[in-house]
Amino acid sequence: MQRWEYMTISIRVLGWKDSLGRSGELPELRSNVGDPAGLLNELGEQGWELAGVDGGGTASFPTLYLKRPRS
């Protein structure tokens, strides 16, 4: 059975959280903050796949949910 690891990215605060409880910022990706396609392309190069998006409603910011096979 395939196992996955997950990452969430808040668009407002470019940070991440994975399925193991680790979290941090993505300073190496800050150049793509204004370019969502560039950010997703860069994460795709690292093996991440966009799995979903939470629009956040009117009071919060979008969150991206990504996954990649766990090694």
Side-chain angles (χ1 to χ4, degrees):
M1 178 171 71
Q2 177 65 57
R3 294 188 177 223
W4 301 94
E5 66 176 321
Y6 298 91
M7 176 191 300
T8 59
I9 298 176
S10 168
I11 298 300
R12 180 177 54 107
V13 179
L14 193 57
W16 61 271
K17 186 185 327 179
D18 67 16
S19 57
L20 299 177
R22 300 174 295 190
S23 63
E25 292 188 4
L26 299 171
E28 69 275 8
L29 301 176
R30 284 215 181 267
S31 61
N32 289 325
V33 171
D35 177 17
L39 172 63
L40 291 173
N41 284 331
E42 197 166 328
L43 289 169
E45 290 290 325
Q46 297 174 24
W48 292 101
E49 175 182 330
L50 183 64
V53 177
D54 176 5
T58 58
S60 62
F61 296 87
T63 299
L64 306 178
Y65 297 91
L66 299 101
K67 69 177 186 176
R68 70 178 171 188
R70 190 184 318 182
S71 48

Do [X] and [Y] sit in one hydrophobic cluster, given that two such residues count as connected whenever their side-chain heavy atoms are within less than 4.5 Å of each other, even indirectly?
X: Leu50; Y: Met7; result: yes
X: Tyr65; Y: Ile9; result: no
X: Leu40; Y: Val53; result: yes

- Query: For Glu5 and Trp48, what are the C-alpha separation, side-chain angles and deciding distance, and is it a side chain to side chain contact (heavy atoms under 4.5 Å, CB included)?
  - Reply: CA-CA 9 Å; Glu5 66 176 321; Trp48 292 101; 3.7 Å; yes
- Quick one: do Glu49 and Arg68 satisfy side chain to side chain contact (heavy atoms under 4.5 Å, CB included)? Show the steps, please. CA-CA 6 Å; Glu49 175 182 330; Arg68 70 178 171 188; over 6 Å; no
- Query: Taking all atoms of both residues into account, what is the closest heavy-atom pair of Gly47 and Pro69, and its distance?
  - Reply: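 Minimum heavy-atom separation between Gly47 and Pro69: O-CD, 4.4 Å.
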